[in-house]
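In what follows, a structure is listed as structure tokens, so that the remarks can point back to it.
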Amino acid sequence: MSGTVTAVSRNATYAFSKPNHPTINLLAGLGVEDDVHAGPTIRHQFRMTYEPDLPNLRQVHLMHAELFDELARKGFDVSAGRLGENITTRGVDLLALPTGTLLRLGGQAVVEVTGLRNPCAKINDFRPGLLGEMFFLDPDAEEFTFKAGVMAIVRHGGPVTPGDTVTVELPPTPHRRLERV
């Protein structure tokens, strides 16, 4: 299974959206160079206040461009980086990947998927009503699916650029479903 990187984004300060860039550089064990969420321990603004020593399982935020297509059909104008993601992909069902999946990005960078992004209320500040589109209730399982992308840690650093190939390497079975991180 493979896909393509469609955009890369970073922001050195805490802000909801991240501007797109021609390239980003991933740093092993840290995240995106010059991004506010890079670091070995948790950098999530709210969670740092009460769990500052937790390992940073949210070094890189990946989102599927197919979500933007879905949102556009529902009248929401959202593009790459606007929901705070670092890497936007197309052609990979990120939400269906198991925990521990490796994503090879371009020629060098490798990230390991750690879990789902937990959509926050700031999404409604960005676009009123959008938060409700970030969840899907599976009527059979009676569980919510979070659609706001996946989080990952950097296993091997390197540059990532729009147009790079995304290659999926599944972990050994049994697979563990993604949970919120």
Side-chain angles (χ1 to χ4, degrees), residues 4-68 71-72 76-90 92 94-95 103 105-106 108-135 146-164 166 178-181:
T4 305
V5 173
T6 61
V8 294
S9 312
R10 63 178 162 77
N11 198 335
T13 61
Y14 285 106
F16 185 74
S17 297
K18 296 184 185 221
N20 296 150
H21 291 272
T23 188
I24 58 172
N25 190 42
L26 301 187
L27 303 172
L30 296 175
V32 179
E33 185 175 26
D34 296 327
D35 189 84
V36 70
H37 292 102
T41 57
I42 191 83
R43 304 297 305 153
H44 183 271
Q45 200 170 16
F46 174 71
R47 293 181 67 189
M48 283 187 332
T49 61
Y50 65 93
E51 299 175 304
D53 298 325
L54 279 181
N56 189 1
L57 301 179
R58 301 166 56 98
Q59 295 174 0
V60 181
H61 178 198
L62 297 99
M63 190 171 290
H64 49 296
E66 291 84 355
L67 176 62
F68 304 144
L71 294 173
F76 293 97
D77 179 24
V78 182
S79 58
R82 302 291 292 172
L83 295 179
E85 76 277 11
N86 299 111
I87 299 172
T88 309
T89 66
R90 185 171 290 283
V92 176
L94 295 173
L95 304 179
L103 300 175
L105 306 163
Q108 296 178 340
V110 179
V111 299
E112 179 182 334
V113 177
T114 56
L116 296 168
R117 177 190 179 196
N118 188 18
C120 69
K122 289 182 180 181
I123 291 174
N124 267 347
D125 295 338
F126 173 69
R127 295 278 188 279
L130 186 58
L131 181 60
E133 300 300 329
M134 296 292 113
F135 301 92
F146 298 91
K147 300 190 297 186
V150 299
M151 306 306 290
I153 57 176
V154 181
R155 289 294 181 201
H156 191 274
V160 181
T161 304
D164 282 350
V166 179
L178 292 176
E179 296 179 8
R180 293 178 289 160
V181 294

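Excluded from the calculations below are hydrogen atoms, water molecules and symmetry mates; all remaining heavy atoms, backbone and side chain alike, are included.
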[Y] and [X], any side-chain heavy atoms less than 4.5 Å apart:
| X | Y | value |
| --- | --- | --- |
| Phe68 | Met63 | yes |
| Phe16 | Ile123 | yes |
| Asn86 | Lys18 | yes |
| Ile24 | Ser9 | no |
| Leu30 | Pro40 | yes |
| Ser17 | Asn11 | no |

Review point. Stepwise, does the side-chain contact (heavy atoms from CB on, under 4.5 Å) test hold for Leu71 with Glu133?
Key: CA-CA 8 Å; Leu71 294 173; Glu133 300 300 329; 3.6 Å; yes
[atom1]-[atom2] distance between [X] and [Y], expressed to the nearest 0.5 angstrom:
| X | Y | atom1 | atom2 | result |
| --- | --- | --- | --- | --- |
| Asp164 | Thr6 | CG | OG1 | 11.0 Å |
| Thr89 | Glu66 | OG1 | CD | 6.5 Å |
| Glu179 | Thr114 | CD | OG1 | 11.0 Å |
| Leu178 | Leu94 | CG | CG | 9.5 Å |
| His64 | Arg90 | NE2 | CZ | 10.0 Å |
| Arg117 | Glu85 | CZ | CD | 8.0 Å |

Practice item. Take Val32 and Val60 through the side-chain contact (heavy atoms from CB on, under 4.5 Å) test and state the conclusion after the steps. Key: CA-CA 7 Å; Val32 179; Val60 181; 4.1 Å; yes
So does [Y] get a backbone contact from the side chain of [X], meaning a donor-acceptor N/O pair under 3.5 Å?
| X | Y | result |
| --- | --- | --- |
| Gln59 | Gly29 | yes |
| Asn25 | Gly157 | no |
| Arg127 | Asp77 | yes |
| Arg58 | Arg43 | no |
| Asn20 | Ala80 | yes |

Exercise for review: Establish, from distance only, whether the side-chain atoms of Thr23 and Thr161 form a donor-acceptor pair under 3.5 Å.
Suggested key: yes
Can you name the nearest heavy-atom pair linking [X] to [Y], along with the distance?
| X | Y | value |
| --- | --- | --- |
| Gly81 | Thr88 | N-OG1, 4.3 Å |
| Val154 | Gly31 | CG2-CA, 3.7 Å |
| Val8 | Pro162 | CG2-CD, 3.9 Å |
| His61 | Gly149 | NE2-CA, 4.1 Å |
| Pro119 | Phe146 | CD-CD2, 3.3 Å |
| Val36 | Thr13 | CG1-O, 3.8 Å |

